[in-house]
Amino acid sequence: MKQGPRMILGIDGLSRSRKTTLVKKVENHLRGLNIPVCLFHIDDYIVERKRRYNTVYEEWYEYYYLQWDVECLTETFFKELKMSKELNLLKYERYSDTQELQVVSIPDTCVIIIEGVFLQRSEWRTFFDYMIYLDCSREKRFKRESGVTQNNLKKFKERYWKAEDYYIKTVFPTNQANFVISNEVQIE
């Protein structure tokens, strides 16, 4: 694990693998030790709907490649995490379907936790000092969805599951992560 004044920890996993639950536990533990924490959810930085839905591409491609502006996040977020005191990020506002400028101050010494799906993609993996991957079967994850959400099975099959399969087959997240947690049960 790389050492320095800022440590960047990734919590990667597919949808409903309980990433946010784990992040809350890690964050609370670190804060209890008086370690400063900066927390980022990668889904806060998705692009507007028109850029990621109903494009000329297949749904899985939209989700994997167009959900985030990967190049912009690489330049304005990931490359700046170790040294910048302040980040200028475009945060997605769900209700207005817009991106608004968010200015984030980062302490000189802290643990930066980034939580989200597809974090180990080639464009971002090298920026992390340590990566945890939550591995959980599709069946278990799907059961964690709300009943209303489960009723849109076509969207899961065409958008989410194909993108997740692509990620697993091309990135091999369980092989790349520093630590893999098999999360078939709820994290207590």
Side-chain angles (χ1 to χ4, degrees), residues 1-53 55 61-134 163-164 167 171 173 176-181 187:
M1 181 171 13
K2 299 176 196 171
Q3 298 295 317
R6 292 182 183 165
M7 187 233 183
I8 303 174
L9 169 64
I11 308 289
D12 185 23
L14 303 178
S15 66
R16 298 289 184 241
S17 59
R18 304 286 169 133
K19 297 178 295 295
T20 303
T21 302
L22 178 62
V23 166
K24 286 177 185 174
K25 302 244 180 244
V26 171
E27 179 184 24
N28 288 338
H29 179 72
L30 292 173
R31 289 191 192 282
L33 298 171
N34 292 317
I35 297 172
V37 175
C38 286
L39 177 59
F40 295 94
H41 300 279
I42 204 71
D43 280 348
D44 287 343
Y45 306 102
I46 62 176
V47 299
E48 305 93 326
R49 290 184 63 81
K50 67 183 177 189
R51 294 173 56 190
R52 58 190 161 93
Y53 279 96
T55 69
Y61 186 95
E62 291 174 334
Y63 181 50
Y64 189 81
Y65 285 106
L66 305 180
Q67 186 87 352
W68 302 268
D69 185 334
V70 173
E71 186 176 323
C72 180
L73 280 174
T74 301
E75 295 299 319
T76 63
F77 178 59
F78 286 104
K79 285 186 177 180
E80 299 296 321
L81 284 172
K82 284 287 188 182
M83 300 305 289
S84 294
K85 293 183 180 289
E86 196 173 83
L87 299 177
N88 295 301
L89 303 170
L90 292 175
K91 185 174 182 182
Y92 181 70
E93 297 298 329
R94 181 178 177 196
Y95 296 106
S96 63
D97 188 36
T98 59
Q99 289 181 308
E100 296 180 10
L101 183 63
Q102 175 192 41
V103 179
V104 180
S105 296
I106 301 180
D108 290 333
T109 301
C110 66
V111 175
I112 298 169
I113 303 173
I114 304 171
E115 176 262 320
V117 66
F118 308 145
L119 291 183
Q120 295 184 77
R121 62 191 322 140
S122 62
E123 298 91 344
W124 297 341
R125 180 58 177 101
T126 58
F127 295 104
F128 291 93
D129 297 314
Y130 198 82
M131 181 66 68
I132 297 172
Y133 182 75
L134 291 175
E164 291 173 354
Y167 182 64
V171 174
Q176 283 198 76
N178 300 97
F179 190 69
V180 177
I181 297 173
I187 296 174

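- For an aromatic pair to be called close, the ring centres must be under 6.0 Å apart, and Tyr63 with Phe118 satisfies this.
- At least one side-chain heavy atom of Ile114 sits less than 4.5 Å from a side-chain heavy atom of Leu81.
- Asp108 is listed as a side-chain neighbour of Lys85, based on a closest heavy-atom distance under 4.5 Å.
- Side-chain contact between Cys38 and Ile112 is present, with heavy atoms from C-beta onward closer than 4.5 Å.
- A donor-acceptor pair under 3.5 Å links the side-chain atoms of Gln176 to the main chain of Val171, judged by distance alone.
- Residues Thr98 and Glu48 have side chains that never bring a donor and an acceptor to within less than 3.5 angstrom of each other.
- Rounding to the nearest 0.5 Å gives a distance of 13.5 Å between CG of Leu134 and CZ of Arg16.
- Side chains of Tyr92 and Glu100: a donor-acceptor N/O pair is absent below 3.5 angstrom, by distance only.
- Using a 4.5 Å heavy-atom threshold, the side chains of Val47 and Leu66 count as separate.
- The side chain to side chain donor-acceptor pair (under 3.5 Å) search around Arg31 returns Glu27, not counting sequence neighbours.
- Rounding to the nearest 0.5 Å places CG of Asp44 at 12.0 Å from CZ of Arg94.
- Looking at Phe179 and Met131, their side chains never come closer than 4.5 Å, going by heavy atoms from C-beta outward.
- Using a 4.5 Å heavy-atom threshold, the side chains of Thr76 and Asn88 count as separate.
- A salt bridge links Arg51 with Asp69; the closest basic N to acidic carboxylate O contact falls under 4.0 Å.
- Taking the side chain as every heavy atom from C-beta outward, Ile8 and Phe40 never approach each other to under 4.5 Å.
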Begin with the C-alpha distance, continue with both residues' side-chain angles, and end with the deciding distance and a verdict on side-chain contact (heavy atoms from CB on, under 4.5 Å) for Leu22 and Ile132. CA-CA 10 Å; Leu22 178 62; Ile132 297 172; 4.1 Å; yes
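- At distances below 3.5 Å, at least one donor-acceptor pair connects side-chain atoms of Lys19 with backbone N or O atoms of Gly13.
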Go through the steps to decide whether Val103 and Leu87 satisfy the test side-chain contact (heavy atoms from CB on, under 4.5 Å), and finish with yes or no. CA-CA 6 Å; Val103 179; Leu87 299 177; over 6 Å; no
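- At distances below 3.5 Å, not a single donor-acceptor pair connects side-chain atoms of Thr55 with backbone N or O atoms of Arg52.
- Residue Tyr45 forms a side chain to side chain donor-acceptor pair (under 3.5 Å) with just one option from Gln102, Gln99, Lys91, Gln67, and that option is Gln102.
- Using a 4.5 Å heavy-atom threshold, the side chains of Leu73 and Ile42 count as touching.
- Between Phe128 and Phe78, the ring centre distance stays below 6.0 Å.
- For residues 117-126, every residue pair satisfying the salt bridge (charged side-chain N to carboxylate O under 4.0 Å, His left out) rule, not counting sequence neighbours, is listed here: Arg121-Glu123.
- Rounding to the nearest 0.5 angstrom, the gap separating the CG atom in Leu30 from the SG atom in Cys110 is 10.5 Å.
- Residue Glu86 places its CD atom among more than 12 non-hydrogen atoms of other residues, nucleotides or ligands, all under 6.0 Å distant.
- In this structure, the separation between NZ on Lys24 and CD1 on Ile113 is 13.0 Å, given to the nearest 0.5 Å.
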Could you walk me through whether Trp68 and Val117 pass side-chain contact (heavy atoms from CB on, under 4.5 Å), step by step? CA-CA 11 Å; Trp68 302 268; Val117 66; 3.6 Å; yes
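- If you take OG1 on Thr20 and CG on Asp43, they are separated by 8.5 Å, rounding to the nearest 0.5 Å.
- The pair Lys82-Asp129 meets the salt-bridge criterion, since a charged nitrogen lies less than 4.0 angstrom from a carboxylate oxygen.
- Results of the side chain to side chain donor-acceptor pair (under 3.5 Å) test with Asp12 over Tyr167, Trp124, Tyr133 single out Tyr167 as the only residue that passes.
- Between Val180 and Ala177 the shortest heavy-atom distance is CG2-CB, 4.1 Å.
- Taking CG from Asn28 and CG from Leu33, the interatomic distance works out to 11.0 Å, rounded to the nearest 0.5 Å.
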